[in-house]
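Below: the structure, in structure tokens.
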Amino acid sequence: MEVTNISGSNSENLKTTLESDVIVTEGVTKVYAADGIPVNALNGIDLTIQSGEFTALVGPSGSGKTTFLNIISGLDNPTEGTVWLAGKVLSEMSGNELSDFRRDNIGFIFQAYNLIPVLTVEENVEYIMLLAGVPKAERHTRVIAMLEAVGLTGVANRMPTQLSGGQQQRVAIARAMVSEPAIILADEPTANLDSKTGADLLEMMRRLNEETGMTFIFSTHDPMVMAGATRLITLRDGRIDPDEAR
Amino acid sequence: MIFKIAFRNTFRQKRRTILTGLAMVVGFTLLSLTIGLSDGAYGNIITMFTRNRIGHIQVHRDGYLDKPSLYKTIDDLSAVGEVIQSTAGVEAWTPRAYGAGLGSVGEKSTAIQIIGVDVARETEATRFDQKVVEGNTLAETPSHEAVIGKSLAKIVAATVGSEIVIVSQGADGSIANDVYKIVGIVESDDDATDRIGCYLHIEDAQELLVLNGRVHEIVVIVSNINQVDKITRAIETQLNDPTLDVAPWQVVAKSFYRAMQTDQQGDAISRLVIMLIVAIGVLNTVLMSVLERTREYGVLKAVGTKPMQVFWLVVCEVVIIALASICVGAILGALVNYLLSIYGITYPEEITYGGMKLKTLYAVVNVRCLVIPAITVLVSAAIVSLFPAIKAARIMPAKAMRTH
Ligand SMILES: Nc1ncnc2c1ncn2[C@@H]1O[C@H](COP(=O)(O)OP(=O)(O)OP(=O)(O)O)[C@@H](O)[C@H]1O
Ligand SMILES: [Mg+2]
């Protein structure tokens, strides 16, 4: 699997403007009030993610991994605590600022692929570039190259429902990475892939990380992915477990 | 891309899209129908009111309309008549002389209105002969004949062949009286005139009232009612006589015209109610689809779509359905109105409007019955989509993506 032709420019800008601390959290807690019963999903997370890190977020199911990824990207608000994104306090950013920041700097891979069902594979992957105003010809070449990189050739014009779960996951990965954002947040990216594809994906992410300095934070249950991470953060009941950090 | 997503979204829940569209189509068609029928009815009423009664334009001595008087006359009938005749767009004109008097048939007497008519011209202009329900119309030459209204005939117990004695006052101050033979009884669509109207040949009337060829009123019929204002101005300019007053029917029948306008405003309110019902139905389905797609809006926002773009996505979807509905509705509305303009709707009982009796209601197909519903449907669809669109735009992505 090879990454070719992807000549990103957005990430370059951010990398020069960002100091090394890309994401900083301080005392982040999240309490869900599900049916009146409060659930403490996060209990005070202090964490600093530096530019270029390749970090795995691990922990048992329900330990707060997804919640944490959502909060550091502004998809959800913390109950308490502060998040700094590229030096800016996240809660002080306007809706449009946040949208632009996510569009230009964060690539998401969700636990449940979350493709747009009415758009073809190609349209799904090019969507973010379209929002960012990348010209059509460039979008097309990038999409094709990216789909090839995730091992999906010849499905560009299919609808997401015509793909298997693993294929959909790879489209989601392609969508997240195609514009080479400075940060990739991935929620169990290999969960629905066979071990070979999973290993290929990990290798590709690793290469992107080394070559372009993209920051990766991904949650995972997969020991192979954990082994490939340069930093390991273990969550347990919404807290960082200091013993199992690396 | 936002438009593309909106467009494709409309094809997803086909049944709901069709239902939403159907509500709009029904709303459009109903609106179109009410406008077509109302315009048709008012057009019909106006035609009856003007064609058969007051004409399109009337000429009087200045001040006559506000306060009619025997002495406020048009003195040079032939000159004025010539000007009117030569004005483009005039189809017919007829002079009238009026006077108040007491009519007696045998023992019975009642107040009457003497209406002197130029029989030939009156027949051409207001179809006078067609109003005669018993006996004959007046002779075209003055021969001391009278035609009276049906109600008046009942009041004085007159039949065709009776003699009516009319007592009045001449313009020279003398007491005037004469006997006329009733040759016919008229029933117009105007109850008030039927109760007091006594038609004489205009020369008989002028003789009785000592008018010496003068008249009180000239009624003008034009070929196109929409040009009434223009023709009124043309006649006015050509007459160039400040002592004469040229008035279109809207001024002549001021209170009738105002009442009609008020009624039309009432119709506008019923249209608003129709639209409100449609809007609530549409709001409901749009809210449902937004709720259903919460997750997708969440994803779109998560990957960097601005709240405003999500807002437009929802509005776009509704507007697309609205535009399609307008096309279908326009065809249906035009068709229904067209059919009703030919076959009409017949009331089980005659209804009376402004003293006129109507039995069948005919619709018209005009620009109004297509443009007004189109604008109403489009605007209300846009308004209705605002609330769901704002809701979608403000979705919190993490929460949205947990819903299924
Ligand atoms: N919207 C919500 N409402 C109520 N409770 C929630 C909500 N989202 C998450 N939780 C709860 O918060 C806790 C953390 O959930 P989270 O999804 O972050 O766990 P996770 O580590 O991602 O688990 P998994 O490995 O299964 O994906 C869980 O106990 C979960 O039940
Ligand atoms: Mg999770």
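Chain naming here is simple, since letters A, B, ... match the order of the sequence lines and numbering starts at 1 in each.
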Please tabulate, one pair per line, the N or O donor-acceptor pairs under 3.5 Å between chain B and chain A.
residue, atom, partner, partner atom, Å
Lys4(B), NZ, Glu123(A), OE2, 2.9
Arg8(B), NH1, Val118(A), O, 2.8
Arg8(B), NH1, Glu123(A), OE1, 2.6
Arg8(B), NH2, Glu123(A), OE1, 3.4
Arg8(B), NH2, Glu123(A), OE2, 2.9
Arg295(B), NE, Asn114(A), OD1, 3.0
Arg295(B), NH2, Asn114(A), OD1, 2.8
Lys301(B), O, Arg102(A), NE, 3.4
Lys301(B), O, Arg102(A), NH2, 3.2
Ala302(B), O, Arg102(A), NE, 3.1
Thr305(B), O, Ser99(A), OG, 3.4
Thr305(B), OG1, Tyr127(A), OH, 2.7
Lys306(B), NZ, Asp100(A), OD1, 2.7
Ala398(B), N, Leu75(A), O, 3.0

Proximal component of Leu130(A), with respect to chain B [non-hydrogen, under 4.5 Å]: side chain
Inter-residue atom distance Leu119(A).CG - Leu300(B).CG, 0.5 Å rounding: 8.0 Å
Close approach to chain A in residues 361-374 of chain B, criterion heavy atom under 4.5 Å: none
Taking every non-hydrogen atom, the tightest pair across Val299(B) and Ile116(A): CG1-CD1, 4.0 Å
Top contributor to chain A interface from Ala302(B), Gly298(B), Pro307(B) [non-hydrogen pairs under 4.5 Å]: Ala302(B)
Residue among Leu75(A), Ile71(A), Leu69(A) with most heavy-atom pairs under 4.5 Å to chain B: Leu75(A)
